[in-house]
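All remarks here apply to the structure that follows.
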Amino acid sequence: MLGTTLTFSHVVSLQPLSDRVYRECQSNGSWAPRGNYSQCTEIIILRKSKVHYQVAVIINYLGHCISLGALLLAFTLFMRLRSIRCLRNIIHWNLISAFILRNATWFIVQLTMNPAVTESNQVWCRLVTAAYNYFHVTNFFWMFGEGCYLHTAIVLTYSTDKLRKWMFICIGWGIPFPIIVAWAFGKLYYDNEKCWFGKKAGIYTDYIYQGPMILVLLVNFVFLFNIVRILMTKLRASTSSETIQYRKAVKATLVLLPLLGITYMLFFVNPGGEDEVAQIVFIYFNSILESFQNIYLSVYLSDCVQVRSAVRKRWIRWQDRHSIQSRVVRATSLPTSPSRVSFHSIKHSSNL
């Protein structure tokens with residue numbers, strides 16, 4: 001029995017490198033006191049990875065909660081301020097609505113999906129997945145609408161009066177619908193399992209909706225390049241210093257990056273592989289940027305010049321109305337003074 005080994009496959013809950021842990025048979029015919037785990041990943045690494053994933057989940061929940069609150073506040077603001085309902089702000093409003101619906105369906109997915117549900121593959125859970133992916137795609141197409149409007153107004157120098165609201169509604173809400181329908185049929189016939197989450201090896205049905213999203217990002221990147229190019233040309237023609245010009249250009253670029261969805265390119269591809277550090281960095285970067293960037297968008301859209309001006313006017317109007325009402329209330333609640341009583345009495349007596 002010298003040199004023979006005893007192998008146990010899938011021992012404990014380790015993530016093995018070769019699915020093997022073995023114990024040697026010694027020269028005296030007895031087994032070695034301990035098994036050899038050299039071909040398995042160390043348990044401390046797995047525990048660290050599990051902790052990182054748990055922290056990423058907490059970051060995701062926190063970011064989506066804060067983002068949803070900020071988006072709802074911005075949505076209410078745009079809904080109440082009717083004086084600013086131009087085409088550009090209508091596009092902003094619909095973009096905010098798409099982000100709200102996506103965040104809401106994200107919470108539904110997190111609260112309803114579990115291993116038992118995904119294994120059952122019921123109709124309702126597949127519909128939830130389809131709804132989440134639909135609103136995910138609408139986010140990108142409304143960002144494409146933002147890029148179309150800005151590119152038309154700044155680069156093409158066309159009159160934005162020729163643009164119509166129904167065009168952007170068709171782009172933002174209409175085009176994603178047949179894309180998701182086609183994806184659903186592909187899932188139904190080729191990958192109909194696990195509530196349509198994930199994908200089988202060799203099955204590429206998810207690219208039916210991911211492909212248009214990638215295309216939107218590439219087109220918006222071209223839009224951004226042209227907008228910044230025109231902006232730099234105009235800044236160079238101005239009398240301001242070169243430092244101020246570059247500051248304005250950088251500021252405009254940083255503002256437009258999340259508005260046009262360019263930041264999604266930063267975590268669109270998972271690094272994969274066996275590099276644990278790269279995986280951890282990707283997990284945290286993805287969680288923070290994807291869940292918290294909606295806060296920046298809602299603050300930026302709610303802080304534009306038109307919105308601030310409308311809010312300021314409404315606040316001044318409310319203060320004036322409140323002060324007038326206060327003066328009226330004070331005047332009606334004052335008791336009649338003695339001098340006023342004597343005057344009326346004297347006038348009454350004189351008439352007699």
Side-chain angles (χ1 to χ4, degrees), residues 53-80 89-114 117-118 124-146 168-169 171-177 179-180 183 195-198 206 209-210 212-213 216-217 220 255 257-268 282-304 307:
Y53 274 105
Q54 290 174 345
V55 173
V57 169
I58 295 173
I59 292 173
N60 263 296
Y61 270 102
L62 182 62
H64 279 86
C65 284
I66 299 175
S67 295
L68 186 59
L71 289 169
L72 288 172
L73 184 62
F75 177 86
T76 305
L77 194 62
F78 276 93
M79 183 177 65
R80 297 282 295 177
N89 289 330
I90 289 174
I91 297 173
H92 293 340
W93 192 16
N94 281 275
L95 177 62
I96 291 170
S97 302
F99 274 114
I100 289 174
L101 292 170
R102 183 196 169 212
N103 277 23
T105 50
W106 184 88
F107 280 107
I108 294 174
V109 168
Q110 299 300 318
L111 296 175
T112 57
M113 298 297 180
N114 56 60
V117 172
T118 54
W124 69 265
C125 72
R126 285 178 283 173
L127 291 176
V128 168
T129 305
Y132 174 74
N133 286 338
Y134 170 74
F135 292 125
H136 197 184
V137 177
T138 58
N139 288 175
F140 283 79
F141 275 89
W142 275 111
M143 288 187 289
F144 175 67
E146 294 276 1
F168 291 93
I169 291 176
I171 293 173
W173 300 114
I175 295 178
F177 186 76
I179 293 175
I180 292 300
W183 167 81
C195 293
W196 294 350
F197 271 107
D206 286 346
Y209 77 90
Q210 290 176 356
M213 290 162 59
V216 163
L217 292 180
N220 274 0
V255 165
L257 281 176
L259 184 64
L260 301 182
I262 308 301
T263 50
Y264 282 97
M265 290 184 174
L266 300 176
F267 57 88
F268 209 80
F282 175 79
I283 290 170
Y284 282 113
F285 190 73
N286 188 3
S287 301
I288 293 172
L289 193 58
E290 187 174 7
S291 59
F292 281 96
Q293 76 166 345
N294 293 342
I295 301 174
Y296 170 80
L297 279 174
S298 59
V299 171
Y300 164 70
L301 296 177
S302 303
D303 195 44
C304 63
V307 175

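Side-chain contact between Ile59 and Val55 is present, with heavy atoms from C-beta onward closer than 4.5 Å.
Considering every non-hydrogen atom in both Phe75 and Ser97, the closest pair reads CE1-OG, 3.3 Å. When all heavy atoms of Thr105 and Arg102 are compared, the pair lying nearest together is OG1-O, 2.9 Å. Nearest heavy-atom pair across Ile90 and Asn94 is O-ND2, 2.8 Å. In plain terms, the two heavy atoms of Asn103 and Leu68 that are nearest each other are ND2-N, 3.7 Å. Across all non-hydrogen atoms, the minimal contact from Glu146 to Leu260 is C-CD2, 4.1 Å. The nearest pair of heavy atoms linking Trp142 to Ala98 is CD1-CB, 4.0 Å.
Going from atom CD1 of Ile91 over to atom CD1 of Ile169 covers 10.0 Å, rounded to the nearest 0.5 Å. How far CG of Asn220 is from CD1 of Ile262: 5.5 Å, rounded to the nearest 0.5 Å. Atom CZ of residue Phe140 and atom CD of residue Gln210 lie 9.5 Å apart, to the nearest 0.5 angstrom. Leu217 CG to Phe144 CZ: the interatomic distance, rounded to the nearest 0.5 Å, is 11.5 Å. To the nearest 0.5 Å, the span separating OG on Ser67 from CH2 on Trp106 amounts to 10.0 Å. Separating the CZ atom in Phe135 from the CH2 atom in Trp173 is a distance of 6.5 Å, to the nearest 0.5 Å.
Residue pairs meeting the side chain to side chain donor-acceptor pair (under 3.5 Å) criterion with at least one member in residues 124-138, sequence neighbours excluded, are Gln122-Trp124, Arg126-Asn192.
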How far apart are the C-alpha atoms of Met113 and Val128, what are their side-chain angles, what is the distance that settles it, and do they pass the side chain to side chain contact (heavy atoms under 4.5 Å, CB included) test? CA-CA 9 Å; Met113 298 297 180; Val128 168; 4.0 Å; yes
Go through Trp183 and Trp196 one step at a time and tell me if the side chain to side chain contact (heavy atoms under 4.5 Å, CB included) criterion holds. CA-CA 10 Å; Trp183 167 81; Trp196 294 350; 3.8 Å; yes
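Taking the six-membered ring for Trp and thresholds of 30 and 60 degrees, Tyr61 and Phe107 have ring planes inclined between 30 and 60 degrees apart.
At distances below 3.5 Å, at least one donor-acceptor pair connects side-chain atoms of Asn114 with backbone N or O atoms of Val117.
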